[in-house]
S.K.: 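Dropping the structure in here first, questions after.
First listed ligand is number 1; within each ligand, the first listed atom is number 1. All values below come from the heavy atoms of this structure, side chains included, with hydrogens, waters and symmetry mates left out.
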Amino acid sequence: MRGVDVDDEVQLICHVNPDGDALGSMLGFALGLRRLGFTRLRATFPGEFDVPEPYRELPGSEFLVPEPGAYTDPALILIFDVAAESRLGGLADRLDGDACVVVLDHHASFTGFGTVSLVDPTAAATSVVADELLSRLGVQLDAAIAECLYVALTTDTGSFKFVRSPSVHALAARLIATGISPAEIARRTFDTRPFGAMKLAGEVLGRALLDPAAAGGRGMVWTYATGADLERHGQRPYVLDSLIDPVRGVAEADVAVVIKELTAGEWAVSLRSKGGVNVSAVAAHLGGGGHRLAAGFTAYGTPDEVVAQIRPLLDANLA
Ligand code: AMP
Ligand code: MN
Ligand code: MN
């Protein structure tokens with residue numbers, strides 16, 4: 001492994017289909033490294049270079065390059081919000097070189113890879129780990145870094161609904177003290193969607209099914225969205241990510257499932273529990289991962305076949 005100098009190439013990577021925590025912690029950290037004097041910084045994620053609309057204006061977006069534009073032989077690789085190498089797609093082979101690979105993450109299902117792994121399963125978001133490392137490196141928060149970390153923190157905590165530690169609000173206070181506008185950021189991140197996305201949500205929620213006997217009688221509610229649904233409404237896949245929230249609000253079910261078609265017959269599955277099932281274990285069984293109450297995996301087949309895979313695993317993983 002090589003030593004790292006400020007003039008060396010540094011490649012930052014976050015997970016496929018990036019969310020606010022993946023992009024926010026990665027770009028916030030890149031901005032911090034620039035303040036330390038690093039000059040060769042690139043940030044990327046695997047797959048199609050399609051940054052979800054709500055994150056296009058994030059500070060540090062100038063570091064973003066499509067997957068083929070990533071450094072081929074960087075001295076340092078920093079990985080954000082990635083629980084398993086499978087979430088790195090075609091970028092996973094970069095880990096085989098002699099670069100120092102530092103992983104910042106917060107998934108209980110972290111599989112263990114990289115030269116150094118800074119993984120705290122009790123952290124509310126990867127941005128909590130990023131903030132800690134930035135502070136140890138002596139980087140002072142500024143408004144640009146804070147905006148990135150704030151977006152990351154609010155996306156992964158459901159806008160502070162899932163917070164269990166006062167330290168999360170203490171971090172939020174430090175971020176807000178830099179002068180960022182939480183209301184403006186929340187409006188851009190959570191409350192702005194195209195008209196077609198609302199119409200699409202109406203259809204997808206309208207076809208949800210309630211299965212009261214699932215999960216040992218705790219109940220499951222599920223729905224799905226196809227590529228054709230997206231096309232009909234002229235929408236990008238990211239607009240489906242927020243649909244798990246109304247679905248998990250169904251009182252009659254502990255478990256909520258949204259099955260989203262990525263490409264023909266390949267689905268990204270979101271799982272949520274209110275505490276009656278360990279959905280991280282369910283997802284891990286199906287090749288995915290996540291947290292006890294919020295997890296996901298990639299599935300193949302029809303939505304009915306995907307549900308048939310999940311259903312017995314719910315009974316086997318009651319909390
Ligand atoms: P999501 O439903 O996409 O919001 O994801 C919920 C949680 O599950 C997040 O912590 C994700 O990192 C994790 N997750 C989602 N999909 C996968 C996957 N295919 N493999 C591993 N972890 C996943
Ligand atoms: Mn994530
Ligand atoms: Mn995260």
Side-chain angles (χ1 to χ4, degrees), residues 13-29 45-47 51-52 54-55 79-89 92 103-113 118-131 148-159 161-163 168 171 189-190 222-225 237-248 255-263 266-273 277-300 306 309-310:
I13 307 174
C14 70
H15 64 72
V16 65
N17 302 321
D19 52 27
D21 189 29
L23 286 166
S25 56
M26 176 172 74
L27 296 178
F29 204 87
F45 53 87
V51 179
Y55 309 127
I79 298 184
F80 297 84
D81 207 37
V82 172
E85 284 165 279
S86 59
R87 303 272 282 161
L88 290 171
V103 184
L104 286 75
D105 188 47
H106 68 127
H107 290 95
S109 63
F110 180 67
T111 54
F113 61 94
L118 306 174
V119 180
D120 179 1
T122 70
T126 294
S127 60
V128 172
V129 181
D131 168 70
C148 289
L149 299 187
Y150 189 83
V151 165
L153 194 59
T154 51
T155 15
D156 264 29
T157 60
S159 297
K161 287 199 289 278
F162 315 130
V163 167
V168 173
L171 171 57
T189 310
F190 303 110
W222 67 278
T223 190
Y224 67 93
Y238 83 86
V239 304
L240 301 172
D241 291 344
S242 57
L243 296 186
I244 192 69
D245 289 318
V247 177
R248 72 177 173 76
V255 175
V257 182
V258 176
I259 303 166
K260 302 166 280 190
E261 196 169 26
L262 297 172
T263 56
E266 186 190 356
W267 309 80
V269 183
S270 288
L271 300 173
R272 299 292 185 271
S273 165
V277 175
N278 178 352
V279 290
S280 178
V282 173
H285 236 91
L286 296 166
H291 314 277
R292 215 166 43 83
L293 303 181
F297 65 98
T298 304
Y300 304 89
V306 176
Q309 285 187 301
I310 296 169

S.K.: Is there a donor in the side chain of D81 and an acceptor in the side chain of H15, or the other way round, less than 3.5 Å apart?
M.R.: yes
S.K.: Checking the side chain of T111 only, and the main-chain atoms of A83 only, is there a donor and an acceptor separated by less than 3.5 Å?
M.R.: yes
S.K.: If you apply the rule side-chain contact (heavy atoms from CB on, under 4.5 Å), what do you find for S25 with V129, and how did you get there?
M.R.: CA-CA 9 Å; S25 56; V129 181; over 6 Å; no
S.K.: At what distance is the nearest protein heavy atom to atom 21 (C) of ligand 1, and which residue and atom is it?
M.R.: G289 N, 3.2 Å
S.K.: Of the protein's non-hydrogen atoms, which lies at the shortest distance from atom 17 (C) of ligand 1, and what is that distance?
M.R.: G296 O, 3.3 Å
S.K.: Tell me whether D241 is salt-bridged to K260, with the criterion being a basic N under 4.0 Å from an acidic carboxylate O.
M.R.: yes
S.K.: Is there a side-chain contact between F110 and V103, using heavy atoms and a 4.5 Å cut-off?
M.R.: yes
S.K.: To which protein heavy atom is atom 6 (C) of ligand 1 closest, and what is the distance rounded to 0.1 Å?
M.R.: R272 NH1, 3.6 Å
S.K.: With no hydrogens and no angle check, is any side-chain donor or acceptor of Y224 less than 3.5 Å from a backbone partner on I259?
M.R.: no
S.K.: Provide the number and element of each atom of ligand 1 under 4.0 Å from a heavy atom of G290.
M.R.: 8 (O), 13 (C)
S.K.: Heavy-atom contacts under 4.0 Å between H291 and ligand 1: side chain, backbone, both, or neither?
M.R.: side chain
S.K.: I'd like to check which ligand 1 atoms, numbered from 1 as shown, lie under 4.0 Å from a non-hydrogen atom of T298.
M.R.: 19 (N)
S.K.: Which heavy atom of L149 sits nearest to which heavy atom of G28, and what is that distance?
M.R.: CD2-CA, 4.5 Å
S.K.: Do you know which N/O/S atom name in D19 is closest to the Mn ion (ligand 2)?
M.R.: OD2
S.K.: Where do H107 and G290 come nearest, in terms of heavy atoms and distance?
M.R.: CD2-CA, 3.8 Å
S.K.: Quick one: look at S270 and ligand 1, take heavy-atom pairs under 4.0 Å, and tell me if it's side chain, backbone, both or neither.
M.R.: both
S.K.: Report whether any nitrogen, oxygen or sulfur of D105 sits less than 2.8 Å from the Mn ion (ligand 3) (N, O or S, backbone or side chain).
M.R.: no
S.K.: If you have a sec, work out which protein heavy atom is nearest atom 9 (C) of ligand 1 and how many Å separate them, to one decimal?
M.R.: H107 NE2, 3.9 Å
S.K.: Can you tell me if A84 contacts ligand 1 (heavy atom of the residue under 4.0 Å from the ligand)?
M.R.: no
S.K.: Looking only at N, O or S atoms, find the one in D21 nearest to the Mn ion (ligand 3) and name it.
M.R.: OD2
S.K.: With the Mn ion (ligand 2) as the reference point, give the N/O/S atom of D81 that is nearest.
M.R.: OD2
S.K.: If I take atom CZ from residue R87 and atom SG from residue C14, how far apart are they, to the nearest 0.5 angstrom?
M.R.: 10.0 Å
S.K.: Would you call A294 a ligand 1 contact, heavy-atom distance under 4.0 Å?
M.R.: yes
S.K.: Examine H106 and say whether one of its N/O/S atoms is closer to the Mn ion (ligand 3) than 2.8 Å.
M.R.: yes
S.K.: Answer yes or no as to whether an N/O/S atom of H15 is found below 2.8 Å from the Mn ion (ligand 2).
M.R.: yes
S.K.: For S159 and F190, which heavy atoms make the closest approach, and how far apart are they?
M.R.: OG-CE1, 3.5 Å
S.K.: Taking N, O or S atoms only and a limit of 2.8 Å, check whether D156 reaches the Mn ion (ligand 3).
M.R.: yes
